[in-house]
Amino acid sequence: MQKFRLATGGDIDRGHPVRFEFNGAPLEGYRGDTLASALLAHGRHLVGRSFKYHRPRGIFSAGAEEPSALVQIARGARTEPNARATVVEVHDGLVARSQNCWPSVRFDLGAINNVVSRLIPAGFYYKTFMWPPTPAAWLRYEHWIRRAAGMGRSATSADPDRYDQRFAHCDVLVVGGGVAGLAAARAAAGGGARVIVCDETPRWGGLARRGASSVPIDGAPRGDWIDTCVDDLAGAADVTMLSRSTAFGYYDGNLVGAVERVTHHLAAPLPPFAPRERLWLIRAKAVVLASGAHERGIAYPDNDRPGTMLLSAARTYVERFGVRPGTCAVVFANHDGAYDDALALRDAGIEIAAVVDPRDDAAMAGVDVRRARDAGLPVHARSLVLRAHGGHRVHAVDVAAREGGKSQRIDCDLVCVAGGWSPAVHLFSQARGTLRYDEAIAAFVPDASPLPIVAAGAANGCFDDALLAADGTAAGEAALALARGASPSPAAVARPPRAPGAAPVEPLWTVPAPYGAKRFVDLQNDVTVDDVALAKREGYQSVEHLKRYTTLGMGTDQGKTSNVPGLALMAAELGTTIPAVGTTTFRPPYTPVTMGAFPGAHTGPHVEPVRRSAMHAWHASQGARFVNAGLWKRPHSYPRTGESEDDAARREAINVRRNVGVVDVSTLGKIELQGRDAAAFLNRVYINRFDSLAVGRCRYGVMLRDDGMVMDDGTTSRLADTHFLVTTTTVNAVRVMQHFEYLLQVAWPTLEVYATSVTEQWSAAAISGPRARDVVAALVDLDVSNAAFPFLAVGACRVRTADGEVPGRLFRMSYSGELAYELHVPTVHGLAAWEGIIAAGAPFGLMPYGTEAMSTLRIEKGHVVVGAEADGRTTADDLGLGKLVNAGKWCVGKPLLGRPALVADDRWQLVGLTAQHGAVMPRGGKLVADPDRAPPIPMQGHITSWCESPHVGAWIGLALLAGGRARHGETLWAVSPLADQRVRVTVGPPAFIDPEGTRLRG
Amino acid sequence: MRYSAFSLAREALRGHRDWPRAWRSPPPKKAYDAVVIGGGGHGLATAYYLAKEHGVSNVAVLEKGWIGGGNTGRNTTIVRSNYHLDANAHFYEFSLKLWEKLSQALNFNVMYSARGVLNLVHSPADIDAAMRRGNAMRLNGIDAKFMSREEIAAWIPNLDCSPHARFPVLGGLLQPRGGTVRHDAVAWGYARAADALGVDIVERCEVQGIRVEGGAIAGVETSQGFIATPKLGIAVAGHSSHVAAMAGITLPIESHVLQAMVSEPVKPILDTVVTSGAVHFYVSQSDKGELVMGGDLDFYNSYAQRGNLPVIEHVVAACLALFPSFGRLKLMRTWGGIMDMTMDGSPIIAKLPVKGLYMTGGWCYGGFKATPASGFLHAHTIAHDAPHPLNAPFTLERFAEGRMIDEKGAGPYAWAH
Amino acid sequence: MMLIPCPWCGPRNQVEFTYGGDATVERPADDAPMEAWFAYVYLRDNPRGPHDEWWLHSAGCRSWFAVRRDTRTHDILASAPVGEPLGERAP
């Protein structure tokens, strides 16, 4: 039974009742209702509990600015905390409940905080909880503080819904679809502009949608004007209309972020594939900000009792939703504009017990004041509401003359406050717009922005219903000019039009009250007038200090109804003006935005792209375990049934040394260089020479950063006189390419060299082991004998595959230290070539091996890895590669290599380590002389790579050790306190197998 | 007035009317024994320790806006000392030890919450690096623990620890004493304590020039007039280059924007600080209940204190990849700070090449956790005209000498650290 | 979200680009003294205001080019191909 639903009126669909649940009670509303309006239709005002004092709270507003009526909606994985009841649209199956209360919203144990509130004023926590003086003590306090704080609850299982993202471009973006916004959009569209207009609500027309009593627009009734305007816009080819879409932030390059709530208002089952929300990234040439304004409260004692709401909200509930938010109202207002609202409430059958106005009779000159008086509304001029009475619902207020004297108690079940309006200037401010304090409306209004943004309507400080459309039209025309290239100028921001004789708002932020009476400024965070005074007293006087010390405006509403009153109270405390106190920054987002909407689909498994080689499916089919290598997935090992990953890697490594193995090295970066100066370029990039490299040969090279540290390494092949193929490490492929491009384009533009990344174009496999030649001979059309194709030879070839013969390149190079070849084929043939290798290798015992076995093999050989040994702090000399630095030529990084600390004897240098027989080398172990002394224990070096070497028959490692090259033969401790491991290790050269290189040359 | 539960109760009876100002707001004197530019945590801490440890209390802190208004009030409040390189480890551990006793030392609850900082690892190479770092921490006497995937899954139930995640959690390096500190309280606490020792904190006083006479500092030109001093400390974070240039010094620093963001407050859902290098993300839950999140720089020089959407998208994407159940929480506020990025990722706390001129800066978005140690050592360096052993490595000259302290090994690219 | 004017491709979303840092530091000659290289690699004016900087159109034409951008506002004042003076073409 919707006791408070009016018999007629409202923009709701009475033909479509909907059933929802609030705090377990089944309730009914209509399509078009918000949760707030539907609750009010049942006379339910008590919705939640406040953040700090757990005071009962009701519905304060009718829109996005709501500080109090926050609820938890839905259940399970779809539950959403802190939903504003004033914007949640009811639908069948909606489940909502009060939050931040236990056991119930009516009886909340947390309300003990209200009883002891004198002990916990603003910032109390900075002054206490410091005993006993240990960090553990605060953790215990914090445990209870955290439980008391917070608001709603997060889901605990993954959000099952989808989110979408969309880019859009337009000439003019209109933010806000009220009268001013619609007029602006129509003006811009009429001038031929591509227009997007968005509004955070489901209905066009804004506040003007209400009120048959209101002023006509262009001679037409407001509803008709809005409908016509919307029809015109909807029918225009180049106009996009986005309702339920909040423009939340203004970013560089005139990009406005907006979020469209696509399915929030729909009952299950939802349309298939519909995203829950869609993030719009709108690049506009010009923006019209017609985002309206937020009405403000007045801080009198117990101004938070449920049944207290903004006057405009009360009117909205009556006229937009056909709901009476009370039966008997007291209106507390400080400006003429309130009287039309008060009359509208009366017209809906709400008894107006009093209109309390602090102003002198003389100041109350507006036509609506006279109308109200003529209609018999009891107007109390020069009066204040001194306090409210009630608990879960207001039931009376005390009213007294401003001068003081005896107060009069007036019974009521609704208090409507109208403390003036604050234009929603958020996006204007984010667009680097300056604000101006407008005394006439006691609010900040847009002043000037260097960017093409124009404010219109209430956002521009225009509160005269008769002038809104004209202000919007002017803004639309101004935006059109900006979109066509006019420069933004202060003049582009028109001063808000005012009807002559409009009475100014009389600023009234609070009323006198005894100590202990709670006059709330920020309803959500329970910030009172006394808190502001305390902040002033203690010196937290700048706006940001006030905000941070008291938490004013820091709640989910970000102070939309409280920031201006808060700083006005501070100004009063300081005896200065409001503009002298200033405003806080309007940080995005304008209203909270669902996190899921930001990445859209680009999260979970898609948070970063996955790179897979052409052979990935084969690896997977053979049971490969994959590891991340940058964005790539690489096979770690190929465990057989019953085999552990480590055992598999060991088997694979042994097989390479005994027979032959193949590893997918497609992930290596590959860059082709062509051009007259390619050799000269390489000479300048690498520490070693490349101009002396013969065609058909390859060479290992090391490149440095500008600061002289090793950047990357790899093999470079000379395919023709002016044609080279450079390989890079997997992780540095992108970086090296950018480095080359920078050098070629910026540093040495006269060099004629063209660099092209071909990483994606070529698949690559390394075939290693004593039988490698047998395998390769069976695959390619080259003579691969040692004489014809010696170590470091390179040649183009044809590769026999199941696809037939495909072109390829064969390289005789070795990472494992064995006789080895690298075979590159175009990626399209990668899988076929790989399968060809597997088949050709079968007679020779070939097995695939993964990165783990590859690592074992290279550690045994003493090859360094960028990232482990070359950790960004090592020079080539540190890695034992100093001999490669060609003394006869310049290269990148060389000039700074001579810095004193880079040539010191005690630098950490690459060594090999062998663990005491049978002992396990600790992962990430550090090298120390005496592990038993008390910390800090000086570290002489650390293990960079290690493995259990099948070849050596012990755990070995590579390490960086202070002055290491001179310390071969020493023993040290390798320790891992994390793993509680320590082992004696012997220092030696960083090569455990075939240091002379006979195997790889064989 | 001393802060305590007792004084709170007593004041409650008096209507909280007798609380004095936390710090005075005096006009600047004509001259001071030392002047610190920058009223953030570092500058205020410098002044506090000058007065407290060195008896130099005729000190002014000059702040162009309001104290704590820069990065002190814009960071994600994480404190930790989980560093690999000795110089960093010793420095940040010294800082963490000061944090542990700071509330009592200042008589201002800065809410040091030792809830642990967990660095997730997602690849075998990550594990190696984390083990190397953790072992170095332990040998340096710093707490560290390697946690297995199973331990993490049990401890942080909302974290996606499934092997099918894009970046599967393979384990993590935990520093149990790491955690969070209430950032604003640090500025206010130091300000109040320094003020009590006689330090003048002068807000809305912008330094417009540095006067050098005969190769030595003579004073500063400010928006409130000339202030003479023989010793001048610079603690202005993102504006270090600008201020140092007033003394003719060019720094190896670039200023970049780093964004941070908070969700709406919710009941406790995350009890520790979680970070992931692979997805460039860190998150904790504030005592109010907000998830406090950050990620990478925006990657362009900036003094704008705001950034752009791609980073926000990336941070939230990373958050949801790790915590898929947070998808329906709402982002409430985003902002940016100006990061003083050095060319090796480590700070400069040192004498500068003008007599009487010192700086602490180059924080590379790690400055908050350093605040106490930075102030302590900056004060020491100013008082003795020589560095303390703990900040001796953090010189300006280290770059020319090749003694970079490059924790990430990222090289001389300011935005890479 | 900055709109960066690639001299070859026109204005594009910032996500297509990679930052390359200060474009005012002059690369010394190969045989320049170490001090010159030190200044080139390490020292930056780091201005509050117009800043000439390199960008790479990494997800586009892969050209490096110069941009003059105000570091206080992110406003882009000019862009130019390598070798052409900034300020002569408006974005």
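Only heavy atoms go into these numbers, but all of them, side chains included; no hydrogens, no water, no symmetry mates.
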Residue part contacting chain B, namely of Arg933(A), when any heavy atom lies under 4.5 Å: neither

Tyr540(A)/Trp23(B) aromatic ring centres below 6.0 Å: yes

Residue selection (most heavy-atom pairs with chain A, distance under 4.5 Å) from Gly134(B), Gly141(B), Gly289(B): Gly134(B)

Atom group of Ala77(A) that falls short of 4.5 Å from chain B, counting heavy atoms: backbone

Sub-4.5 Å side-chain heavy-atom contact between Phe129(A) and Met111(B): no

Chain A contact via Leu85(B) - which portion, at a heavy-atom distance below 4.5 Å: side chain

Most chain A-contacting option - heavy-atom pairs closer than 4.5 Å, from Gly65(B), Pro124(B), Cys319(B): Pro124(B)

Which atoms of Arg735(A) approach chain B - backbone, side chain, both or neither, heavy atom under 4.5 Å: side chain

Leading residue by heavy atom contact count with chain A [cutoff under 4.5 Å; candidates Ala317(B), Ala321(B), Ala278(B), Ala304(B)]: Ala317(B)

Any donor-acceptor N or O pair under 3.5 Å, side chains Gln524(A), Thr556(A): yes

Contact winner vs chain A - His314(B), Arg138(B), Met404(B), heavy-atom pairs under 4.5 Å: Arg138(B)

Selection from His602(A), Glu608(A), Met709(A), Glu852(A) maximising heavy-atom pairs under 4.5 Å formed with chain B: Glu608(A)

Leu534(A) versus chain B, the contacting section by heavy-atom distance below 4.5 Å: side chain

